[in-house]
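The next block holds one structure in the form of structure tokens; read it before the comments.
Being a predicted model, the structure only gives us computed values, none of them experimental.
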Amino acid sequence: MSDQTARVADSTGNWVDTVAPQWARPYLRLSRFDRPIGSWLLLMPCWWSAALAAGIAHDVGRLPLTIVLFFIGAFVMRGAGCTWNDITDRDLDARVERTRSRPLPSGQVSVTQALAFLVAQALVGLVVLLQFNRFAILTGIASLLIVAIYPFMKRITWWPQIVLGLAFSWGALMGFAVTFARIDPTALVLYAGAIAWVIGYDTIYAHQDTEDDALIGIKSTARLFGAHTHQALIMFYGLAVMLIGVALASGDVRWPAWLGLSAFALHLAWQIVWLRIDDPALCLRLFKSNRDAGLLLFAGLLADAVMRAA
């Protein structure tokens with residue numbers, strides 16, 4: 001086994017590298033606790049949905065607990081998903097400059113150890129899920145099929161970001177499942193809007209690896225769109241704002257939610273203006289900024305829910 005203190009190339013100067021016990025570092029890197037942005041992006045549709053559903057129900061009594069449980073669940077299940085992704089992609093990761101230092105291709109952990117860690121994370125996620133109603137539990141479990149197939153999509157389609165969107169936007173359904181024990185049309189429209197958002201921001205992310213991906217035959221919307229990425233982002237980000245707006249209108253929200261959506265839209269427009277697809281560092285920074293975009297929308301929805309419950 002390689003030195004467990006070895007750092008991952010695209011994640012340096014974080015708490016895992018400096019504070020965490022050495023034995024735990026490879027596992028924390030597998031679950032991306034050194035790079036939590038993905039967990040935040042998985043969490044955002046969960047929080048949007050929970051706040052919107054609470055506003056529709058005019059009841060925020062359970063919202064704080066739901067927010068906390070979604071937070072724990074998003075971080076744990078994103079970790080499990082990343083562990084699974086690294087297990088399936090370990091040979092490909094070894095051939096990409098940015099990912100060859102990850103725990104599996106670098107030998108910091110074995111496949112058996114990674115599988116055991118995957119099961120442990122999934123069990124924690126199950127404990128969180130069991131705090132909800134039966135319909136929400138089944139809805140959460142249903143997402144695992146999409147998570148399982150996602151790592152293979154980049155090998156067979158130019159649109160793996162759609163499958164990622166299906167997985168990362170699932171939380172847009174969960175808030176309604178938890179609150180109402182059903183999935184309303186409003187939730188489905190919110191889900192569709194979140195998918196468009198994911199396709200946009202993950203296209204930006206994928207531009208970091210286009211050269212390596214081309215060499216080893218990995219497909220992505222970044223390679224597909226190429227020089228037309230800005231136009232594609234206008235379409236997908238615009239679609240995201242429009243669909244989320246339809247969901248808000250369907251939920252009969254008040255002005256704080258519309259203010260949050262406006263701030264969200266302005267943030268996405270800022271990303272498009274500043275994007276330079278030949279600047280990997282900028283691509284990563286803009287990708288990470290989507291957490292802030294999501295929080296702006298959540299803040300508006302949360303304020304709306306509190307106002308309507310008063």
* Residues two or more places apart in sequence or in another chain: which of them pass side chain to side chain contact (heavy atoms under 4.5 Å, CB included) with D279? -> R276, A281, L282
* To do: Working to the nearest 0.5 Å, report the span between OG of S110 and CG of L104.
  => 8.0 Å
* Find out whether T210 and H207 are in side-chain contact, i.e. whether some heavy atom of one side chain is under 4.5 Å from a heavy atom of the other. => yes
* Taking only residues two or more places apart in sequence, or in another chain, which ones meet D209 in a side chain to side chain contact (heavy atoms under 4.5 Å, CB included)? -> V96, R98, D213
* Should V178 and L69 be marked as a side-chain contact (heavy atoms from CB on, under 4.5 Å) after you check the CA-CA gap, both sets of side-chain angles, and the distance that decides it? -> CA-CA 11 Å; V178 168; L69 289 173; over 6 Å; no
* Asked: Is L243 reachable from W159 through a run of I, L, V, M, F, W or Y residues, each pair having side-chain heavy atoms under 4.5 Å apart?
  -> no
* Are Y205 and C283 close enough that some pair of their side-chain heavy atoms sits under 4.5 Å apart? -> no
* Asked: Taking 4.0 angstrom as the limit, do D184 and R182 come out as a salt bridge?
  -> yes
* **side chain to side chain contact (heavy atoms under 4.5 Å, CB included) partners of V127, counting only residues at least two apart** => Q131
* To do: Report yes if the distance between the aromatic ring centroids of W48 and F264 is under 6.0 Å, otherwise no.
  => yes
* CA sep, side-chain torsions, deciding dist, call: H230, L275, side-chain contact (heavy atoms from CB on, under 4.5 Å) -> CA-CA 8 Å; H230 285 82; L275 176 64; 3.8 Å; yes
* Counterpart residues, side chain to side chain contact (heavy atoms under 4.5 Å, CB included), relative to C46 (two or more places apart) -> L43, F70
* Asked: Do you reckon V273 sits in the same ILVMFWY cluster as F225, going by side-chain contacts under 4.5 Å, direct or chained?
  -> yes
* To do: Go through the side-chain N and O atoms of S220 and Q161 and say whether any donor and acceptor fall under 3.5 Å apart.
  => no
* Take atom CD in Q231; do more than 12 heavy atoms of anything else shown fall under 6.0 Å from it? -> yes
* **Residues which pass salt bridge (charged side-chain N to carboxylate O under 4.0 Å, His left out) with R308, listed by chain and number, not counting sequence neighbours** => D304
* **Straight-line distance of L130 CG to I137 CD1, nearest 0.5 Å** => 5.0 Å
* Asked: Can you get from L123 to V147 by hopping between Ile, Leu, Val, Met, Phe, Trp and Tyr side chains that sit under 4.5 Å apart?
  -> no
* By salt bridge (charged side-chain N to carboxylate O under 4.0 Å, His left out), which residues pair with R62, not counting sequence neighbours? -> none
* Could you give the distance from CD (Q113) to CG (L118), rounded to the nearest 0.5 Å? -> 13.5 Å
* Asked: Between W40 and W47, is any pair of side-chain heavy atoms under 4.5 Å apart?
  -> yes
* Asked: For V246, does its backbone N or O pair with a side-chain atom of S250 as donor and acceptor, under 3.5 Å?
  -> no
* Asked: What do you reckon, is NE2 of H228 surrounded by more than 12 foreign heavy atoms closer than 6.0 Å?
  -> no
* To do: Could you check whether the rings of F75 and F71 sit parallel, tilted or perpendicular, using 30° and 60° as the cut-offs?
  => tilted
* Quick one: do D17 and R29 make a salt bridge, cutoff under 4.0 Å? -> yes
* Asked: Is M174 linked to L138 within one hydrophobic cluster, defined over Ile, Leu, Val, Met, Phe, Trp and Tyr using a side-chain heavy-atom separation of less than 4.5 Å?
  -> no
* Give the ring-plane orientation class for F180 versus F176, where under 30° counts as parallel, over 60° as perpendicular and anything between as tilted. => tilted
* **Full working for side-chain hydrogen bond (donor to acceptor under 3.5 Å, both in side chains) between T203 and T221** => CA-CA 6 Å; T203 296; T221 49; 2.6 Å; yes
* Structure fact -> Here the gap from I183 atom CD1 to L190 atom CG, rounded to the nearest 0.5 Å, amounts to 11.5 Å
